[in-house]
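Encoded as structure tokens, the structure appears first; notes follow it.
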Amino acid sequence: MPIHNNEIADDFDRLADLLEIEGANQFRVRAYRDAARTVRNDTRNMADRIEDGEDLSEIAGIGEDLAEKIKTIVETGELPLLEEVRLRVPDALSDLMRIEGLGPKRVKALYHNLDIETIDDLKDAAENEKIQELEGFGRKTEHIIKERVERFAGAEKRTTLLVAEDIAESLVEYLKQSKGLKDIVIAGSYRRCKETVGDLDILVTAKKDSSVMKRFVDYDEVIEVILHGKTRSTVRLRSGMHVDLRVVPEVSYGSALHYFTGSKAHNIGVRKLGMKKGYKINEYGVFKNDKRIAGKTEKEVYEKVGLCYVPPELREGRGEIEAAKNNALPDLVTLNDIRGDLHCHTTATDGHNSLKKMTEAARERGYEYIAFTDHSKHVTVARGLDKKRLLKQIDAIDRLNDKLDDIVVLKSIELDILEDGSLDLPDSVLKKLDFTVCSVHYKFHLSSKKQTERILRAMDNPCFTIFGHPTGRQINEREPYQVDIEKIIKGAVERGCFLEVNANASRLDLNDDACKLAKDNGLKVAISTDAHSVSDLDFMRFGLNQARRGWMEAKDVINTLPLKKLRKLFQRG
DNA sequence: GCCGTTTTCGGCCCGACTGTTTTCAGTCG
């Protein structure tokens with residue numbers, strides 16, 4: 001089993017923690033953290049890169065030393081320096097740093113003075129009032145530590161965008177009623193449309209006497225006020241979500257929005273460009289010799305450093321700054337480009353609304369076509385369609401189409417890819433369909449090699465059109481199955497198949513990285529909702545988010561095509 | 001540990017908030 005990028009990243013993160021506790025040079029520590037992030041976000045396995053003879057030190061932020069260390073981890077599964085540091089600093093101390101308010105210095109002090117190594121040790125010491133006796137700690141700090149330790153167990157899950165949206169929108173509506181409020185926007189990873197968000201960063205501009213900060217900490221849903229200042233406060237909501245509110249002057253709105261939207265990697269890149277031009281860039285503006293020369297809008301900030309405006313979804317430090325410099329940013333796909341949905345279920349299997357209701361809903365959304373892809377027989381829990389029932393559905397769609405003149409209903413099915421790579425209905429009936437979606441619903445635990453072969457074999461069938469939810473992951477619920485997604489992408493291009501970007505908020509499968517990989521390999525995708533009800537059709541925006549984060553343009557997405565062209569694309573061979 | 005139109009050494013983002021101080025260290029984003 002090859003070493004996964006995540007494991008390499010975990011080693012570097014842990015090493016960074018332990019070195020930091022030891023008091024190592026902070027920039028060295030940062031180099032390991034940056035490397036962890038770079039490796040974790042890389043769409044290609046380090047192991048594959050090495051096998052292909054690539055020079056890892058050409059990756060930004062990875063120098064000769066780190067390249068060598070990555071190679072060692074890939075080859076031996078171990079990082080000798082980490083083992084060495086572990087002899088001096090107990091491994092568990094790095095877990096302590098995950099408690100809010102505990103950084104390297106405090107963890108070190110707790111360890112040296114009170115022998116605290118684990119979360120349990122910490123809990124005991126807090127309960128026995130040992131911590132407040134330490135220099136630099138006091139009663140209040142001890143109390144806060146005690147509370148946070150108790151809460152620590154079981155936390156850590158990030159929130160899907162769907163849930164985050166719900167929480168954020170109510171809060172924003174509430175804050176909008178504050179006196180003296182001008183602009184309000186949610187920045188951070190929420191604005192970058194990351195598939196999950198850890199916390200919410202809300203940015204406002206307001207008059208001096210505005211009530212917004214007080215109103216924020218008084219919000220009904222707030223169960224803990226972590227910080228409460230004039231320009232910045234942090235609270236924890238009942239949902240567990242942390243929310244930051246920052247108030248900035250109007251002249252700084254653009255630079256603050258840029259700063260708090262991130263990502264960190266992107267901001268550092270922009271700031272570096274500014275430094276080269278002799279500017280200082282912070283959340284209050286772009287400054288030359290302490291004189292503000294830009295900052296009211298984000299566009300101004302980008303212009304000052306010689307870049308065109310970068311959409312938030314691209315701000316991940318994956319080459320967007322270089323592209324912006326060369327005016328080569330993609331023209332990202334939008335909801336307006338979408339002409340139809342290619343993966344929907346009805347009451348014929350496990351959907352909640354009828355063929356007719358779903359079609360009406362698609363028409364209301366301005367679509368030109370909608371495809372019904374009810375399950376096939378192998379998915380028994382969903383009462384999947386056998387040949388006879390599929391023929392009946394085809395009939396029903398023909399009759400429905402006869403009555404409609406402003407939307408076309410496409411005949412399809414979500415087939416099951418069986419373990420041997422065959423599809424679970426005969427070609428004879430599949431040929432009566434406009435196209436197919438083929439998915440894996442069983443046997444998730446095959447080896448990567450077997451799973452990849454299974455899928456490629458299925459794609460060999462000329463009736464195979466779109467590969468549904470290609471990795472099977474469900475956010476916070478189920479890990480993706482082991483599969484070589486790059487091979488699948490290349491295999492799909494060779495065979496004239498497509499991959500789905502399943503827009504269901506808890507799937508988002510393909511994810512952003514895989515979308516980028518698809519784009520880089522010239523593969524087109526279908527962004528589909530996998531709707532099981534009328535309201536699910538609105539998941540389209542979540543799929544778009546990920547496609548946009550993967551640099552996709554309208555031309556990379558097949559359901560932006562008018563029907564005629566789409567039908568042509570579906571003809572294989 | 002990385003990086004380079006300030007290039008092989010010397011920088012590397014920095015401001016807000018809190019608790020424990022009595023002028024600041026630690027943490028966070």
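Reckoned from all heavy atoms, side chains included, excluding hydrogens, waters and symmetry mates. Since the structure is predicted, the reported quantities are computational estimates derived from the model, not experimental observations. Reminder, nothing fancy here: chain letters follow the sequence lines and each chain counts from 1.
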Tell me whether A:R232 is salt-bridged to A:E283, with the criterion being a basic N under 4.0 Å from an acidic carboxylate O. no
Sugar-phosphate, base or nothing in reach of A:R33, heavy atoms under 4.0 Å: nothing
What's the gap between B:dT8 and B:dC13 when it is taken at their C1' atoms, as a whole Å value? 24 Å
Can you tell me the distance, in whole Å, between the CZ atom of A:F12 and the P atom of B:dC2? 9 Å
Toward the 5' end of DNA chain B, by each residue's nearest nucleotide, A:H228 or A:I281: A:I281
Do the charged groups of A:K516 and A:D556 touch, with an N to O distance under 4.0 Å? no
When the P atoms of B:dC17 and B:dG10 are compared, how many Å lie between them, rounded to an integer? 37 Å
Would you measure the distance from the C1' atom in B:dT20 across to the matching atom in B:dG26 and give it in whole Å? 11 Å
Anything under 3.5 Å between a protein N or O and an N or O of nucleotides 26-29 of chain B, put it in a table, one pair a line.
residue : atom : partner : partner atom : Å
B:dT27  : OP1  : A:G103  : N            : 2.7
B:dT27  : OP1  : A:G103  : O            : 3.0
B:dT27  : OP1  : A:R106  : N            : 2.9
B:dT27  : OP2  : A:K105  : N            : 3.2
B:dT27  : O5'  : A:G103  : N            : 3.4
B:dC28  : OP1  : A:G101  : N            : 2.7
B:dG29  : O3'  : A:R246  : NH2          : 3.4

Is the closest side-chain donor-acceptor distance between A:T234 and A:D244 under 3.5 Å? yes
Between A:E54 and A:R44, does at least one N-O distance fall below 4.0 Å, as a salt bridge requires? yes
Atom CG of A:N25 and atom C1' of B:dG10: how far apart are they, to the nearest Å? 11 Å
Who are the ring pair (Phe, Tyr, Trp, His ring centres under 6.0 Å) partners of A:H469, not counting sequence neighbours? A:H441
Atom P, compared across B:dA16 and B:dT21: separation rounded to whole Å: 24 Å
Value in whole Å for how far the P atom of B:dT18 lies from NZ of A:K230: 12 Å
Using 30° and 60° as the class limits, which term best fits the ring planes of A:Y174 and A:Y219: parallel, tilted or perpendicular? tilted
When you measure from the side chain of A:R28, which nucleotide among B:dT20, B:dG1, B:dC13 comes out closest? B:dG1
Answer yes or no: does a side-chain N or O of A:T231 lie under 4.0 Å from OP1 or OP2 of B:dC17? yes
Would A:R246 count as a cation-pi partner of A:Y253, with NZ or CZ less than 6.0 Å from the six-membered ring centre and within 45° of the ring normal? no
Let's test this: given Watson-Crick or G-U wobble pairing with both distances under 3.5 Å, identify the partner of B:dT8. none
The test is ring pair (Phe, Tyr, Trp, His ring centres under 6.0 Å); show your working for A:Y279 and A:F287 and say whether it passes. CA-CA 5 Å; A:Y279 303 146; A:F287 296 89; over 10 Å; no
Just the rounded figure in Å: distance from P of B:dC13 to NZ of A:K272. 7 Å
Name the nucleic acid region contacted by A:A35, choosing base, sugar-phosphate or nothing; use a 4.0 angstrom heavy-atom cut-off, strictly under. nothing
Expressed as a whole number of angstroms, how long is the span from A:E64:CD to B:dC3:C1'? 12 Å
Using a cut-off of less than 4.0 Å, is there contact between a side-chain N or O of A:T141 and OP1 or OP2 of B:dT18? no
For A:E58 and B:dG4, give me the distance from atom CD to atom P, rounded to whole Å. 13 Å
Candidate nucleotides B:dG15, B:dC2, B:dC12, ranked by approach to the side chain of A:N282 - the nearest: B:dG15
Interatomic distance at C1', B:dC12 relative to B:dT6, whole Å: 14 Å
For atom NZ of A:K276 and atom C1' of B:dC12, their distance in whole Å: 14 Å
OP1 or OP2 of B:dA16 under 4.0 Å from side-chain N/O of A:Y284: yes
Between CG of A:L15 and P of B:dG1 the distance, given in whole Å, is 9 Å
Pairwise 5' ranking along DNA chain B for A:A31 and A:E142, keeping only the more 5' one: A:A31
